[in-house]
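Note that this is a predicted model, so its numbers are computed, not measured.
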Amino acid sequence: MSKNHPCPSFPHFIHGADYNPEQWMDPAVWDRDMALMKQAHCNEMTVGIFSWAVLEPREGEFDFSVLDETIRRVRENGGKVILSTPSGARPRWLADKYPEVLRVRPDGAREHFRGRHNHCFTSPVYREKVQKINRLLAERYGQDPTVIAWHISNEYSGECHCPLCVSAFRDFLREKYSNDISRVNKAWWTTFWSHTYDDFDQIEPPGPLTENAVHGLNLDWHRFVTHQTTDFIRNEIAPLRELTPHIPVTINMMYEFYELDYHKVAQVIDFASWDCYPEWHNGDDAVIAQRAAFWHDLYRSLKGKPFLLMESTPSLVNWKPYNKPKRPGLDVLSSMQAIAHGSDSVQYFQWRKSRGSSEKLHGAVVGHDGSGDTRVFRSVQTTGRLLEKLDQIAGTLVEAPAAVLFDWENMWALNDCQGYAAENKKYFDTCYEYHRLLWERGIQCDIVSPRADLSRYKLVFAPMLYLTDKPVIENLTAYVAQGGTLWATYMLGTVNETDLCWLGGIPAEELKDVFGIEAEEIDTLYPAENRKATLDGTVHTLVDYCEVLKLRGAEVLAEYGDDWYAGTPAVTLHRFGKGRAIYQACRDTGSLKDALAEGLLKELGIAAPVLGPLPHGVTAHTRTDGTHSYVFLENYTTEAHRVRLVRPMEDLLHSGTVEEVILEPYGLGVFSCSEEVSHG
Ligand code: GLA
Ligand code: ZN
């Protein structure tokens, strides 16, 4: 399955870590690292991430000796390297000589030299310096088979309000609105409060001291930040594409990340990778696992193929309000969770714990004791052995019968809008809720853009899809017309692409025909309030939102039980073309969706590779190579659980053929069979 593997030159499970030997400059430490790397069953090190000051200590004076030595040592140790470009943090001389590389904050203040991830994305000098060092790295290491991928910069984020960025924003708008300021005024509804612009040069990015009440402006600024960051990434990658077209590139993305539209950014990289740091043990681990699962599913769906888990901690982080180590068993399980969802790696931040600075107490494979005889190290060894045992699964795919639509533009517009529950719209939480319906049943789920090709899914959820532009309306309409089952919620189709409300009633345009309803009002509940809805004689609890519907052809599945809208539709079903459209007008606490999903999944023939309902906190995931199914059972609870597979399967972690499995606390099982088991 090497063709689907993120790093085709090394089509195995990758087990490694961020490795920063330049912080130590001690051959004895480096020797020890290599010995421990073998003991940990690691086969990869990610190097060079924050090493610009070592690589170019003075402008134009390069010194690759430490990186040469690092790569040589890893190679001679039988390992591979993911090589980073160093742009995530710049050397002091660069900031001193070219202050334009420093970021300007929304209030107009330019930052001093400090921290990381805070450079200007527009600065021509920064772009040139980054290209120069990237070119040298590609020339020097690009033909070395030790290098299996490029890790571009680190965790791109943030925005810059410097004069160069402001001017680039104006150019972005000029292009978008055909250099016609009246189009901007119309698109952003600027007559409101007399905010009409006469010229593009009057437009400033939103900030605490500048215009921030024009929603269309705010939305276009978000789009510009994605556009400019992506352009910066493209600039970084250009010399690598030229000199090393055979080495794939990635960027490391993040959990619940708000600022960049990763659907757009992903277009310039070859595979997705991400840094996964859930807050384990802060409440129910089943809930935490399912939320992490959402992001694993999202990163797999981003490129429709395996991704890499670029960073995770083998024990604890140091940047949360409370920093708790993972309990015994959970590290291995959470590492294997990534594999179950389609990752071809387990990688850690970091290999060796820094001695000083802000991350000195962050978990690492090797601690300050320098020892391999620790609970954490042994856990990493266990994961390494498991990955070796399961190597045949590397490069295999996940085929999901269902998807949840997730959209950054929708999230920006929704969170920006003044209305509903002003500060508590819960877009992430709501998307997690629909994903949960599948996670709890052991059914694969993709997380895709509303602009994606949906034809391969039997069931699609569209939670809180407030912003729907014409292409999205057409995509959803075509999906249902051609036989899909679409389940949308309150707020669907409220605004268009520039954040203007759709006229003629919502949901917008053809969506009214697709769903056979029209939403007339929405009741936002106070946090202490509940409402009720009845589905098939069972009463379910509602919170936060109850939309009041007019029927335009749909049948009623559930009705409101109280308040002035008692007896009116709460959930509807409408047949449209060859498909069906379900509209859930209210937010429920879980049981209403569960009841609806149960029947619907059966009707659609979507089933898990297990028999009977899974216990709370236990889930199943399936990868496939076209001839074999690989089934992962994961137990995120501290009790043992019994699970029955749909048919006898080979036990890949032990031996023999099994049908009934006992999962230990935080336990894992991996099974294979030569048939399709993921969905009917
Ligand atoms: C991020 C960064 C790393 C490190 C870790 C700590 O993921 O990429 O450099 O700071 O967080 O958790
Ligand atoms: Zn800037």
With sequence neighbours left out, the residues meeting side chain to side chain donor-acceptor pair (under 3.5 Å) with Asp373 are Arg378
Applying side chain to side chain donor-acceptor pair (under 3.5 Å) as the test, list every pair that has at least one member in residues 25-34; sequence neighbours left out. Tyr19-Asp33, Asp31-Arg73, Asp33-Trp351, Asp33-Arg352
Is there a side-chain hydrogen bond (donor to acceptor under 3.5 Å, both in side chains) between Gln131 and Asn235? Walk through the geometry before answering. CA-CA 7 Å; Gln131 273 215 354; Asn235 175 77; 2.9 Å; yes
Contact list for residues 242-262, test salt bridge (charged side-chain N to carboxylate O under 4.0 Å, His left out), sequence neighbours left out: Arg135-Glu242, Asp261-Lys264
So, does Asp651 use its side chain to make a donor-acceptor pair with the main chain of Leu653 at under 3.5 Å? yes
Would you call Lys326 and Asp285 a salt bridge, taking side-chain N to carboxylate O under 4.0 Å as the test? no
Listing request: all salt bridge (charged side-chain N to carboxylate O under 4.0 Å, His left out) pairs with a residue in residues 36-55, at least two apart in sequence or in separate chains. none
Any residue meeting ring pair (Phe, Tyr, Trp, His ring centres under 6.0 Å) with Phe224, in chain and number order, not counting sequence neighbours: Phe169, Phe172, Trp221
Non-neighbouring partners of His341 that pass ring pair (Phe, Tyr, Trp, His ring centres under 6.0 Å), sequence neighbours left out: His296, His621
Could you tell me which residues satisfy ring pair (Phe, Tyr, Trp, His ring centres under 6.0 Å) with Phe121, sequence neighbours excluded, listed by chain and number? His119, Phe232
Applying ring pair (Phe, Tyr, Trp, His ring centres under 6.0 Å) to Phe257 and not counting sequence neighbours gives Tyr262
Applying side-chain contact (heavy atoms from CB on, under 4.5 Å), can you list everything that pairs with Leu164, at least two apart in sequence or on another chain? Glu100, Thr122, Ser123, Pro124, Cys162
Is it true that a side-chain atom of Glu22 and a backbone atom of Val54 form a donor plus acceptor pair closer than 3.5 Å? no
What residues form a side chain to side chain donor-acceptor pair (under 3.5 Å) with Asn323, not counting sequence neighbours? none
Give a yes or no on whether a salt bridge exists between Lys129 and Glu59, defined as a side-chain N under 4.0 angstrom from a carboxylate O. yes
Residues in side chain to side chain donor-acceptor pair (under 3.5 Å) with Asn134, at least two apart? Glu236
What pairs with Thr230 under side chain to side chain donor-acceptor pair (under 3.5 Å), at least two apart in sequence or on another chain? none
Lys/Arg N to Asp/Glu carboxylate O, Arg72 vs Glu69, below 4.0 Å: yes
Decide yes or no for Val47 and Leu83: does some side-chain heavy atom of the first lie under 4.5 Å from some side-chain heavy atom of the second? yes
Interatomic spacing from CG in Leu302 to CH2 in Trp295 - rounded to 0.5 Å: 10.0 Å
Donor-acceptor pair, Tyr299 side chain versus Met254 backbone, under 3.5 Å? yes
